Structure formats: structure tokens, C-alpha cells
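Quantities reported herein were computed from a predicted structural model and do not represent experimental measurements. Only this structure's heavy atoms are used, side chains among them; waters, hydrogens and symmetry mates stay out.
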Amino acid sequence: MNDNTDIVTPSQPTHELRRDISVWGSYMWGYADVGADIYAALGLVIAAAQGAASLAFAAAGIVYIMIGFAYTELASAYPIAGGGQYFALRGLGDFWGFVTGTALLLDYTIDIALFSVASAGYVNFFLPYFGIDPTHFILTLGSLKINYLWLTESLIFIFFLIWLNIIGIKESSLFNEVIGAFDIFIESSVIVFGFLFAWKPEFLVQQWQMSFPTLHNFMYGSSLGIISFVGLESISQAAQETKRPATIIPRTSVTLIFTVFIFATAFSSLSLGVLPWQTFAEHIGDPIATLAHAIPYIGLIAGPVTALLGATILLISANSGVMSASRLTYSMSEFDLITRWFNKVNPKYKTPVRTIVVFSGIGIIEMLLSFMTPQAMDTLGNMYAFGATLGYLIVFIALIRLRFSDPYTPRPYKMPLNIKMRYKDRTIDFPVLAIFGFLGVGTILFEVILTHKIGRIAGPIWVLLGLLYFIYFRKKNNMPVTKSIKRNWEAHQMDVLTSAEEFDLAEEYRLALKERDEKLKRNGQTKPEK
Amino acid sequence: MDKLSLKNKIISVNSLLFIIIGIIIIIRSINLHAWLPVIVGISFMGYGIYRTFYVLKYLRGRQ
């Protein structure tokens with residue numbers, strides 16, 4: 001359908017994703033991921049970074065704030081499903097768009113697996129109340145010991161989420177909003193009661209001095225800390241379904257950035273001021289419940305409540321994974337990075353049913369494989385960190401590149417700290433903070449490769465397999481592999497802004513392009529090829 | 001001034017709570033030279049103040 005010389009206007013699909021996510025819904029999509037991540041990451045990070053866990057979270061958190069600002073700028077300027085993959089595609093071309101998409105797809109499919117398993121683990125907390133001992137349901141196959149009850153529960157959860165997402169975004173958004181609000185209330189209560197009645201700063205200082213980790217352990221801990229911060233990607237994924245995205249996304253994202261940073265640093269500081277780090281190392285599976293249990297007044301009921309909280313919020317996060325994976329593949333197929341078979345939207349439900357089923361299926365396979373390793377959660381967490389850091393690294397490069405290659409697209413929000421400079425007779429805001437963000441994420445990716453035994457092997461293999469598919473797919477369809485398909489991005493951007501009902505921005509964009517064309521005409525030049 | 005909606009009342013109480021807890025964390029940590037918790041306390045206060053201004057801005061917008 002395409003050859004190397006045709007300029008293609010990326011089409012608007014026949015059945016578009018419906019725009020019905022509000023401010024609260026957009027915020028909850030992000031919080032659903034982030035809120036759950038701290039439940040899984042807190043124990044892992046404290047076990048690795050020991051007395052300096054707060055510093056590890058703060059270090060990862062500062063990098064995350066910069067990632068958050070970058071995503072806020074890009075998602076409000078390009079409000080279309082795809083997130084980091086779309087930004088890389090616009091800024092760096094098809095090849096890097098695909099690499100970013102593959103890295104983030106790894107994260108989303110693992111998100112489905114990891115959080116469904118973790119959610120089922122919290123459900124198991126209640127089984128002894130009904131006289132059922134979950135440890136009795138062990139299937140031994142040679143040296144493998146598989147808890148088939150836990151496995152079955154996780155599978156049921158994933159199938160439930162597949163069904164929910166097939167029905168439509170409105171229903172699953174409502175699901176997120178209701179349970180997410182409950183979870184924020186409970187998490188805030190643990191923090192408030194904890195700091196008021198159980199927190200001993202002198203104990204925190206003692207652990208800092210007596211149990212400071214080795215450099216290797218600290219690097220492992222801070223690189224795991226980044227897995228707490230994948231929420232904003234979900235907001236970008238939901239951008240195409242958000243009402244007035246250029247207005248809503250900056251408000252949602254900035255609020256979420258603060259919430260995430262505060263929760264992460266607060267939970268780690270509170271934990272080490274209440275209990276010794278060794279206690280959390282022994283309770284990697286339920287660190288928040290362990291913490292809550294040690295708080296006076298609420299400690300007695302803390303077990304069941306935090307277990308319920310853990311189960312629900314982890315299920316929300318798994319739901320975000322299903323949603324985001326399907327939207328990402330929808331976007332990739334729309335831009336001919338993967339087969340267009342995926343971009344068919346179901347006429348009845350108006351949701352991308354095929355992508356939901358296929359990539360949730362991959363999540364199921366990853367879950368089954370992880371159950372065959374000694375520590376399933378650790379295996380999945382390793383790969384989660386690799387995918388996230390690789391994707392974010394490329395997004396920072398794309399952001400810097402887009403400031404130069406596409407200065408005409410209105411940016412309702414810009415990353416702070418810009419320096420004005422001249423580039424091709426035009427004033428450009430050079431994003432200094434993006435350079436710091438790039439260096440920060442690059443450092444964390446380096447830590448991941450250095451310290452994560454499974455992530456540094458399985459992660460690159462995933463990307464490599466993806467690239468093999470990419471080469472096969474593009475060659476089969478007579479499309480360039482290393483070069484990009486020429487697209488009319490200007491017409492596409494105008495379509496996106498118009499369909500998002502951002503008419504002011506569309507007009508601003510049109511005027512900027514008109515001004516550029518007139519200037520080129522005066523200078524006797526032709527329009528630059530995009 | 002327009003009346004606060006239930007959602008904004010919750011945000012206001014929440015903001016005040018964050019400011020108070022931030023102050024408590026700072027006071028208890030600063031004598032021990034525990035600078036990380038001090039930063040956490042400042043973050044709490046900053047978040048509370050940010051949310052307060054958010055509600056005020058919202059109300060001003062509705063007047």
C-alpha cells in the first residue's frame with residue numbers, strides 16, 4: 001500500500017475511540033498504576049536499599065518528576081493514543097517509535113501479569129478466615145512447585161479484566177474511579193495515623209547510620225524504585241479518549257506527579273521510622289499491611305483492610321495494563337509499525353477487541369512462565385524496570401528533537417527551565433530539564449543493566465524479538481525498515497486537535513503554519529518535507 | 001464567594017491535614033538533622049498549599 005516516496009496522511013479510523021474520560025477519570029487511570037506500584041515496590045526497595053530506602057525512593061522520584069513533566073508536555077501537545085511510542089515516532093521516526101513501543105508493551109503485558117498475581121496474593125490473605133489454607137494447593141512437577149490455586153485466581157482476574165475492557169472504556173473508567181477513590185482514602189489514613197502516632201524520627205536516623213547499604217544494593221534499590229512510577233504513561237494512553245485533553249492532561253498530570261512523589265517518599269520514611277528494615281525484607285509480599293499493623297488504634301483492623309486495599313488497587317493497576325497495552329498496539333498498527341489487523345475497533349462496543357485479547361494473552365503467558373521461576377514477583381519486577389527505563393530514555397530524546405523539528409504545534413504545557421535560542425530563523429525553547437531527565441533515566445537504565453540479573457537478559461531479548469518481527473512485517477509490505485514512511489503530520493495534527501474539540505489550539509496551529517509558509521514564500525523556498 | 005462543593009470541602013480538609021502533618025514532621029526531624037524527613041515534611045506542606053490554592057483558584061473562576 002505504501003512505497004518509499006508516497007506521503008501518507010495518517011488516517012482517522014472509521015471507528016474512533018470514544019472521548020468520554022473526565023478529569024477525575026484521567027487522574028485515576030494514572031493513580032491506578034502508581035498507587036499499586038508502591039504496594040509491590042516498597043518491600044523490594046527497602047530490602048535492597050535498607051536504611052537508605054527513603055533516599056532510593058527520592059532519587060527515583062526526582063527522575064520520575066522530570067519524566068512526568070516530559071509526558072505532560074507531550075501528551076497535551078499530541079493528545080492521541082500511543083503515549084511514548086507515538087512521541088518517539090513523531091520525533092525520531094518509525095524505527096525508534098517501534099523500539100519504544102516494544103519496550104512499553106513489555107511493561108504493559110507484565111503489568112497485567114504482575115498485578116493480577118499480586119492481587120490474587122492479597123485475596124489469599126482472607127482464605128484462612130474460611131478455613132482454607134492456600135499453601136495446601138501446591139502442584140509439584142520435578143523441582144517446580146506451583147501454587148495452582150493462586151495461579152487459577154490470577155487467571156480468573158485477567159479474564160475478568162479482558163471482559164471489562166471489551167465492554168468499553170466508560171465502564172472500566174468508572175470501575176477505576178470508584179475503587180481508586182477508596183484506595184486513596186485508606187492510603188492517606190495509613191500515612192496520617194502512622195506519622196501522628198507511630199513514627200519515631202530517631203529510629204529512622206539510627207537505621208540510616210547503622211544500616212547504610214553497599215553501592216550495589218543501593219543501585220539495585222533505586223532502580224527498582226522506578227517501577228513505582230509508570231502511572232503517567234497511562235494518562236498519555238488515555239489521551240485519545242480524554243475530553244478536552246490539552247486542558248485536562250496538564251492539570252491531571254501535575255497533580256499526579258506531586259501525589260506520587262509524596263506517597264513514595266512518605267511511605268518509605270514512615271516505614272523506616274516505625275519498623276526495622278529487616279521486618280520489611282521478611283514481608284516483601286505485604287509491606288503496607290505490615291506497616292499498618294504496627295500503627296496504634298488502626299493496627300487491629302489493619303490486616304484485613306490493607307489486604308482488601310492491596311487486592312483492589314492491584315487489580316486496578318492490572319486493568320490499566322490491559323487498557324494501555326490495547327491502546328498502544330492500536331496506535332502502533334495505525335502507523336504501520338505492526339499489522340493493521342490490530343487496529344480494528346469492534347463496531348458494537350467501539351473498543352479494540354483484538355489487541356485486548358492478544359496482549360492480555362501474552363500477559364497470561366508471562367505470568368505462567370514467571371510461576372516457573374523461584375521468585376515470580378522478582379522476575380516480573382526486573383523486566384518491568386527494564387522496559388520502563390528504555391522507553392522513557394527514548395521519550396526524552398524525542399521531546400528535545402520535537403522542540404526543533406515541530407515548533408509549530410501548540411504546547412499548552414512546557415517542561416520548566418527552558419533557554420531561548422535561534423534555530424533556522426526561529427526562536428526555540430531549549431528544554432534544559434529534559435537533558436537532566438535524560439541523564440537521570442540513563443543512570444537508572446545503567447543500574448538496571450548492571451544489577452538486574454533477569455531483566456538485563458530477558459528485556460533485550462524481548463526487544464530483539466520485536467525488531468525481528470518489525471523487519472519481517474515491513475519487508476513483507478514493501479515498507480522501509482530503517483527509514484520512516486513519509487506522512488503528512490501537519491494534516492494529521494490538525495485532525496487530532498479538531499477531533500479533540502481543541503479548536504483554539506487548532507486555529508493557533510493553522511496560523512503558525514500559515515506564517516511559516518508565507519516566510520518561506522518570501523524567501524523563495526519550498527515547504528520542508530516532514 | 002460561591003459555596004464549596006462536597007468535593008472541594010474534602011480537598012480543603014485534606015490540604016489542611018497535609019500542611020499540619022508536614023509541620024509536625026519538620027519539627028520532629030530538624031533537631032535530629034534528619035534532612036530527608038525534613039524534605040518529606042516540606043513536600044507535604046507544599047502539596048497542601050498547592051491544593052489550597054487550587055480550590056481558591058477554582059472558586060475565583062466560578063465567581
Side-chain angles (χ1 to χ4, degrees), chain A residues 22-24 27 49 51-59 61-62 65 177 181 184-185 187-209 212 247 250-252 254-274, chain B:
Chain A
S22 61
V23 176
W24 184 244
Y27 176 81
S54 302
L55 185 63
F57 269 109
I62 287 167
I65 287 172
E177 289 171 30
I184 286 179
F185 171 73
E187 266 191 61
S188 300
S189 301
V190 170
I191 288 176
V192 169
F193 275 86
F195 272 112
L196 288 179
F197 302 116
W199 190 59
K200 297 184 285 291
E202 57 278 7
F203 188 48
L204 177 76
V205 173
Q206 187 194 337
Q207 294 206 71
W208 174 278
Q209 290 170 341
F212 204 85
T247 313
R251 284 168 63 188
T252 311
V254 172
T255 306
L256 190 61
I257 290 165
F258 283 117
T259 313
V260 168
F261 186 76
I262 285 171
F263 271 103
T265 50
F267 266 118
S268 55
S269 300
L270 176 63
S271 301
L272 293 176
V274 175
Chain B
M1 186 172 274
D2 201 350
K3 280 186 177 178
L4 284 173
S5 68
L6 178 65
K7 185 183 156 193
N8 285 306
K9 276 179 186 165
I10 292 167
I11 290 173
S12 303
V13 172
N14 193 29
S15 306
L16 197 64
L17 209 57
F18 268 104
I19 293 170
I20 292 167
I21 291 170
I23 292 168
I24 290 169
I25 294 169
I26 291 167
I27 290 170
R28 293 186 65 191
S29 308
I30 206 157
N31 287 338
L32 297 162
H33 301 286
W35 301 117
L36 255 169
V38 170
I39 293 168
V40 171
I42 292 169
S43 303
F44 269 59
M45 276 183 64
Y47 183 72
I49 292 165
Y50 165 76
R51 297 301 295 178
T52 307
F53 273 102
Y54 177 82
V55 173
L56 288 175
K57 196 176 161 188
Y58 170 79
L59 286 176
R60 203 175 295 132
R62 284 184 58 179
Q63 271 186 316

Let me know if A:Ala266 has heavy atoms under 4.5 Å from chain B in its side chain, its backbone, both or neither. both
Show your working on side chain to side chain contact (heavy atoms under 4.5 Å, CB included) between B:Ile24 and A:Trp199 and close with a plain yes or no. CA-CA 11 Å; B:Ile24 290 169; A:Trp199 190 59; over 6 Å; no
As an exercise: rank B:Ile39, B:Ile21, B:Ile25, B:Asn31 by heavy-atom pairs under 4.5 Å with chain A and give me the winner. B:Ile25
Name all residues meeting the side chain to side chain contact (heavy atoms under 4.5 Å, CB included) criterion together with A:Phe197; count only those two or more places apart in sequence or in a different chain, and write none if there are none. A:Phe193, A:Pro296, A:Tyr297
Residue list, side chain to side chain contact (heavy atoms under 4.5 Å, CB included) with A:Pro250, at least two apart or on another chain: A:Thr72, A:Ser76, A:Tyr413
Side chain, backbone, both or neither: which part of B:Leu36 has a heavy atom under 4.5 Å from chain A? side chain
Is there a side-chain contact between A:Ile191 and B:Phe44 in this structure, where contact means two heavy atoms from C-beta onward sitting under 4.5 Å apart? yes
Is chain B contacted by the side chain of A:Leu270, its backbone, both, or neither, given a heavy-atom distance below 4.5 Å? neither
Residue pair A:Lys200 / B:Arg28: nearest heavy atoms and the distance that separates them: CA-NH2, 4.1 Å
Interface moiety of A:Val192 toward chain B, non-hydrogen atoms closer than 4.5 Å: both
Between B:Leu32 and A:Pro201 the two heavy atoms that sit nearest each other are CD1-CB, 3.6 Å
Using heavy-atom distances under 4.5 Å, tell me whether A:Ser269 contacts chain B through its side chain, its backbone, both, or neither. side chain
Value for CG (A:Leu196) from CG (B:Leu17), rounded to nearest 0.5 Å, stands at 7.5 Å
Atom group of A:Trp208 that falls short of 4.5 Å from chain B, counting heavy atoms: side chain
